[in-house]
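Okay, so here's the structure we're looking at.
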Amino acid sequence: MIFRIAWRNIWRNKIRSLVILLSVAIGLFAGIAVLALYKGMMNSRVRTVIYSETGHIQLHHKTFKNDYEARFVISNPEKLLQELRKNESVKQVATRTITQGMLATTTGSAGVQINGIDPAMENKVSGLLQKIRVGSGFEPGKKNQVLIGKKLADKMKLKPSSKLVLTFTDADGNIISAAFRVAAIYQSENTPMDERNVYVQQTELNPILNLGNGIHEIALILKQDTATHTVAKQLQQKYPDLLVEPWQNLSPETELMIDTVDITSYIIIGIILFALAFGIVNTMLMAILERTQEIGVMMALGMNRIRLFLLVFLETIFLTLIGTPIGLGIAWIVTSYYHRNGLNLESMGKEMMSNFGFSTLVYPEFPTEKLLGIMGIVLFTALASCIYPALKALRLRPIEALRK
Amino acid sequence: MSTVIDAHNISKIYNKENIPVYAINNVHLHINQGEFTALVGPSGSGKTTLLNLIGGLDKPDEGKIEINGIDITAMSPNKLIDFRLRNIGFVFQSFNLIPVLTARENVEFIMQLQGINKTEREARIQTLFRQIGLEDKMDSRPSQLSGGQQQRVAVARALASKPQFVLADEPTANLDTASASNLLDIMALLNKEENITFIFSTHDARVIERARRVITLVDGRITSDTAKVDTHVQH
Ligand SMILES: Nc1ncnc2c1ncn2[C@@H]1O[C@H](COP(=O)(O)OP(=O)(O)O)[C@@H](O)[C@H]1O
Ligand SMILES: [Mg+2]
């Protein structure tokens with residue numbers, strides 16, 4: 001009968017019940033929306049890292065990354081490449097020759113990383129050629145062409161076919177300068193990377209570095225994202241002389257960001273839940289105040305405190321249980337809509353987003369793995385916040401309640 | 001004839017710190033099984049306070065109240081709740097029924113709290129609604145019933161738990177003459193046929209007329225206590 005009273009009480013003041021119900025629904029929706037947005041952002045960030053920056057896995061000479069000295073090349077690259085291409089899990093392979101150096105124009109200079117690449121291979125791994133915004137890319141027949149990032153181009157006032165000089169150290173330790181011409185300007189979603197990296201053809205860089213057919217870096221794209229760690233481990237075992245690293249190691253800031261964003265999302269959810277709790281406490285208090293006499297009658301007749309508590313508790317449970325599927329439904333509809341169509345966050349500041357390596361077009365993803373957790377805390381908050389009103393009801397004295 | 005209520009020297013004092021108000025002032029009260037007693041007196045004379053005290057809704061500041069020999073003034077609040085549930089029926093002046101429950105559910109609710117099983121509840125509901133003459137209104141919500149009908153359901157509810165006695169605080173105060181008289185008929189009949197003890201407060205002369213014992217309160221003291229000669233007591 002207490003169930004029945006609680007259930008019918010819900011329908012007495014429809015507006016009030018609607019407030020609680022919608023608070024729960026909106027709380028749940030907002031929580032899921034935040035998680036979905038973050039998940040989308042993180043996933044897209046991870047995809048950007050993998051498919052346009054690092055690849056899934058990179059291989060280097062064990063000590064190359066200490067000082068980026070040109071002499072620490074990967075030994076026996078032809079055999080290694082052949083084996084990697086045959087590997088079942090590997091989809092694409094690109095090789096890079098890398099040196100740190102200085103870019104100078106008539107007006108200024110900047111420190112850069114010079115990447116010697118095979119344009120066709122590179123494009124398959126990092127989509128470099130798709131990032132070209134101005135100019136046509138490496139043209140056959142032309143010599144000493146360089147691709148530079150937009151940020152660097154703006155800073156150094158460079159345009160396609162502008163002249164610049166790259167200075168670096170070759171494999172024997174000699175300082176070399178070479179003149180290049182801007183072939184194209186590219187732009188990725190990661191501005192700091194654009195500012196640092198310039199690309200030249202491996203076939204031109206290697207002779208200057210006096211490296212022969214030596215390479216410093218092999219980047220791999222795998223067939224499956226989830227295989228990254230396993231494959232990295234296998235390769236490390238197979239090639240103990242090389243340093244094999246998954247993208248998480250290559251882009252530790254992305255890992256860190258995922259953690260930070262997790263914390264931020266919990267803070268935001270905390271704020272939402274606080275609002276939810278506040279709403280429920282107030283509305284239930286109002287409900288109890290309105291029913292003082294009735295509660296007085298029930299207590300006078302012999303309804304004990306446990307049952308009275310249960311009554312208030314059940315009302316909140318019912319409202320929460322109705323609100324939950326509504327919130328989930330809305331969250332699901334909205335997330336899947338934006339998952340398909342993308343959510344443009346340009347208004348939040350394109351500049352800021354790309355400074356952190358984020359795309360402004362986010363595809364939110366329903367956070368299935370966190371669903372139970374968030375439903376749990378919403379339910380917990382709702383129930384916890386009816387405790388105070390319930391205690392308030394228990395403290396009513398029947399004679400005073402009846403006198404009103 | 002057995003004693004149901006025995007109140008010794010009870011007092012209830014409000015506003016103790018400043019000017020004390022004796023809502024009940026050194027009252028002795030003895031009620032036997034099967035009585036049909038009216039508590040009368042002007043407004044503010046202490047009727048409600050006295051009923052609350054013997055109903056275990058309030059505690060006296062002095063004296064003690066025994067119900068069937070059990071001292072309820074010494075009981076803990078939680079025990080009192082259960083004691084009320086099992087021993088005392090209440091009819092209040094207004095706002096008696098739980099609005100979200102039907103007439104039948106209002107009556108059944110109390111029995112359910114008492115842990116009475118479904119078959120027994122059903123049988124008792126049928127009997128009670130026949131006695132109050134509302135068999136056809138069992139499934140109505142309180143808002144669909146007239147004031148008199150609501151009070152009749154309240155009487156049925158008070159009786160549902162088979163209490164030692166029923167306390168009714170001005171049960172007819174909000175009723176028209178016909179409804180008031182009808183309610184009194186039902187109460188009197190239940191008293192006569194089932195020997196149910198009723199104590200009701202009132203200041204309605206027509207209601208006082210129906211009582212077999214009239215206790216008058218003035219300023220918290222009993223100023224007169226008269227029993228009418230009647231045939232009923234003999235059985
Ligand atoms: N909670 C209270 N606080 C202070 N005084 C009260 C309270 N309840 C009742 N009284 C006083 O006690 C006296 C008796 O009141 P009550 O029992 O309600 O009388 P009746 O029911 O006969 O009208 C009145 O003087 C009233 O003002
Ligand atoms: Mg009164």
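Protein chains get the first letters and strands the later ones, always in sequence-line order, with residue 1 at the start of each. Just so we're clear, the structure is a prediction, and the values are computed from it rather than from any experiment. Hydrogens, waters and symmetry mates play no part in the numbers below; they use all other heavy atoms, side chains included.
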Does any heavy atom of chain A fall under 4.5 Å from the side chain of [X], the backbone, both, or neither of them?
| X | result |
| --- | --- |
| B:Gln114 | neither |
| B:Asn96 | backbone |
| B:Pro77 | side chain |
| B:Leu113 | both |
| B:Phe109 | both |
| B:Asp82 | neither |

To the nearest 0.5 Å, tell me how far [X] [atom1] sits from [Y] [atom2].
| X | Y | atom1 | atom2 | value |
| --- | --- | --- | --- | --- |
| B:Leu101 | A:Glu294 | CG | CD | 8.5 Å |
| B:Asp169 | A:Leu402 | CG | CG | 9.5 Å |
| A:Ile295 | B:Ile98 | CD1 | CD1 | 10.5 Å |
| B:Leu57 | A:Glu400 | CG | CD | 11.5 Å |

>> For chain A, which candidate among B:Ile110, B:Leu97, B:Asn78, B:Leu85 shows the most heavy-atom pairs at distances under 4.5 Å?
In response: B:Leu85

> Picking from B:Ser94, B:Pro99, B:Gly55, which has the most non-hydrogen pairs under 4.5 angstrom with chain A?
Replying inline: B:Pro99

> Can you tell if the side chain of A:Val297 reaches within under 4.5 Å of the side chain of B:Arg157, non-hydrogen atoms only?
Replying inline: yes

> Are any non-hydrogen side-chain atoms of A:Arg397 and B:Asp58 less than 4.5 angstrom apart?
Replying inline: yes

> Would you call B:Glu105-A:Arg8 a salt bridge at under 4.0 Å N-O?
Replying inline: yes

I'd like to know whether [atom1] of [X] has more than 12 heavy-atom contacts from other residues, nucleotides or ligands below 6.0 angstrom.
| X | atom1 | answer |
| --- | --- | --- |
| A:Tyr338 | OH | no |
| B:Tyr14 | OH | yes |
| A:Asn43 | CG | yes |
| A:Arg16 | CZ | yes |

>> Suppose a student defines contact as a heavy atom less than 4.5 Å from any heavy atom of chain B. Which residues in residues 371-392 of chain A would they list?
In response: none

> Where does A:Arg291 contact chain B at under 4.5 Å (heavy atoms): side chain, backbone, both or neither?
Replying inline: neither

>> If I measure from the heavy atoms of chain B, does A:Met303 come under 4.5 Å with its side chain, its backbone, both, or neither?
In response: both

>> Any side-chain to backbone donor/acceptor pair from B:Arg84 onto A:Ala300? Under 3.5 Å, distance only.
In response: yes

> Between A:Ile2, A:Asn304, A:Ile5, which shows the greatest number of heavy-atom pairs under 4.5 Å with chain B?
Replying inline: A:Ile5

